[in-house]
Amino acid sequence: MRFRSARRDDLDRLLGCAVDEPISWAHPDRLLTFLDTGSYRYDRIWLAEDEHTGEIMARAVWWSFPGDDRPLTLDCLYVHPSVPGRRALAAELLRRAHEAYGTAPEYHVFVTPGWRDDPGTRAAIAWRWEAAGEAGLTEELERLRYAWTGGEAPVPEPSRRLVFRADDDDEAFVAAFRRVAEGTLDFHTRQALAVMDPEEQARADVRDYKSMRGDRSWWRLAYDHGGDLVGVALPSANDAGPVVGYLGVVPERRGQGYVDDLLGEITRFHAGRGVRRIAADTDVGNAPMRRAFERAGYRVFAVRLVLSPATGTSV
């Protein structure tokens, strides 16, 4: 077997790699669109080829923000159905790519709610999870995907106890992100803080949210009427449309229902732009955020399964 990153002249064969299992994958339309926007790049698509026939026997596709210098997430893992032991070939392909990248990006798979009750979905996930684990992605996380739909859920009224202000100074958001991260229930933030300085982690968050498709001018800091910071509310957007980018309450103001005010402001902001659907994610284990989404009329429409390296490990 020959392992390598893809080239432009591989495109026709890349488009022929089809996943017929009930999970998310880089289908032809997505592949072409994201290659055009820069979210996919040929050097971030890895192949395992039959040395004799040149046929693609396995394909792995990584996603990133356009222009980013690092692959962020594994978006698709395909192995030809004729391959005996698909897990072993997939694991080797991932290991080769991780060595080339010098890092092991997370693997994200999107499935429908109740996926554990579907034998086809469980089987599709099983060999991929085993392969990813052998390649160093051993931390498992399940995130719920919510959506607010105009006409089905009400537009929240403006908060009476908070004042929301735009601020074009990134340092103000770095300071706010750092405070909000203290004691957070968010898995990824806790994982980052285990290996990064809090200031560095906050700056990385600000950088990543600025890379999203949402406008930087949408970001808001939330203050009480005495002028004290209460939290952060970031309406944003990704490739699929408007999202609840980020929200958080500073530690000393938690437990007072401010999460509803922040989520309400983000929802109201998007709705005021004429948006009819807003998507959002939160960890299964983040019960306060889940309850806030449900109170605001957001409903679960999908599940995001995430595999990542154990904290502190290296390629």
Determine whether a donor-acceptor pair (N or O, by modelled atom type, separation under 3.5 Å) exists between the side chain of [X] and the backbone of [Y].
| X | Y | value |
| --- | --- | --- |
| Thr37 | Phe34 | yes |
| His225 | Arg160 | yes |
| Asp283 | Gly285 | no |
| Trp148 | Pro154 | yes |
| Arg145 | Arg304 | no |
| Arg254 | Val249 | yes |
| Arg220 | Ser217 | yes |
| Arg276 | Gly150 | yes |
| His27 | Ala18 | no |
| His80 | Cys17 | no |

| message | side chain to side chain contact (heavy atoms under 4.5 Å, CB included) for Trp25 and Arg30? Distances and angles first, verdict last. | response | CA-CA 9 Å; Trp25 63 289; Arg30 182 179 179 88; over 6 Å; no

Ion pair present between [X] and [Y], side-chain N to carboxylate O less than 4.0 angstrom?
| X | Y | result |
| --- | --- | --- |
| Arg128 | Glu21 | yes |
| Glu200 | Arg178 | no |
| Arg291 | Asp260 | no |
| Glu51 | Arg2 | no |

With side chain to side chain contact (heavy atoms under 4.5 Å, CB included) as the test, would you mind laying out the steps for Arg216 and Phe173 before giving the verdict?
CA-CA 11 Å; Arg216 169 65 176 78; Phe173 282 94; 3.5 Å; yes

Could you tell me whether Arg277 sits above the aromatic face of Phe301, with NZ or CZ closer than 6.0 angstrom to the six-membered ring centre and within 45 degrees of the axis? yes

* Does Arg207 make a cation-pi contact with Phe65, if we ask for NZ or CZ under 6.0 Å from the ring centre and within 45° of the axis? -> no

Is the shortest heavy-atom distance from the side chain of [X] to the side chain of [Y] under 4.5 Å?
| X | Y | answer |
| --- | --- | --- |
| Asp118 | Val111 | no |
| Tyr42 | Leu11 | yes |
| Glu265 | Leu162 | no |
| Glu140 | Leu307 | yes |
| Phe293 | Leu144 | no |
| Asn286 | Pro288 | yes |
| Gln256 | Val230 | no |
| Phe177 | Gln201 | no |

To the nearest 0.5 Å, tell me how far [X] [atom1] sits from [Y] [atom2].
| X | Y | atom1 | atom2 | result |
| --- | --- | --- | --- | --- |
| Met289 | Leu263 | CE | CG | 5.0 Å |
| Thr282 | Arg290 | OG1 | CZ | 8.5 Å |
| Met57 | Tyr78 | CE | OH | 7.0 Å |
| Leu89 | Met1 | CG | CE | 5.0 Å |
| Ile23 | Arg122 | CD1 | CZ | 14.5 Å |
| Asp10 | Ile45 | CG | CD1 | 9.0 Å |

Go through the steps to decide whether Leu15 and Leu32 satisfy the test side chain to side chain contact (heavy atoms under 4.5 Å, CB included), and finish with yes or no.
-> CA-CA 8 Å; Leu15 294 172; Leu32 290 170; 4.0 Å; yes

For this session: Take Arg70 and Thr103, measure what side-chain hydrogen bond (donor to acceptor under 3.5 Å, both in side chains) needs, and give me the verdict at the end.
Result: CA-CA 9 Å; Arg70 59 201 170 115; Thr103 186; over 6 Å; no

Side-chain heavy atoms nearer than 4.5 Å, only ILVMFWY residues, links allowed to pass through others: does that put [X] and [Y] together?
| X | Y | value |
| --- | --- | --- |
| Ile56 | Val79 | no |
| Trp219 | Tyr246 | yes |
| Val244 | Val155 | yes |
| Val61 | Trp46 | no |
| Val306 | Phe110 | no |

Please report the shortest heavy-atom distance between [X] and [Y], naming the atom on each side.
| X | Y | value |
| --- | --- | --- |
| Leu14 | Arg59 | O-NH1, 2.9 Å |
| Tyr258 | Arg253 | OH-NH2, 3.1 Å |
| Arg295 | Val259 | NH2-CG1, 4.0 Å |
| Ala181 | Leu193 | O-CD1, 3.9 Å |
| Ala296 | Ala153 | O-CB, 4.3 Å |
| Leu72 | Ser64 | N-CB, 4.0 Å |

Does a donor on one side chain and an acceptor on the other come within less than 3.5 Å for [X] and [Y]?
| X | Y | result |
| --- | --- | --- |
| His98 | Arg95 | no |
| Asp75 | Tyr40 | yes |
| Thr267 | Tyr298 | yes |

Assess whether atom [atom1] of [X] is packed by more than 12 heavy atoms of other residues, nucleotides or ligands within 6.0 Å.
| X | atom1 | answer |
| --- | --- | --- |
| His52 | NE2 | no |
| Arg4 | CZ | yes |
| Asp168 | CG | no |
| Arg8 | CZ | no |

From the list Glu139, Gln191, His188, side-chain hydrogen bond (donor to acceptor under 3.5 Å, both in side chains) with Ser308 holds only for Gln191

| field | Chi angles and distances behind the side chain to side chain contact (heavy atoms under 4.5 Å, CB included) call for Phe187, Arg143 | value | CA-CA 10 Å; Phe187 174 84; Arg143 290 175 63 80; over 6 Å; no

Exactly one of Ile266, Asn238, Asp281, Leu234 clears side-chain contact (heavy atoms from CB on, under 4.5 Å) with Val243, and that residue is Asn238

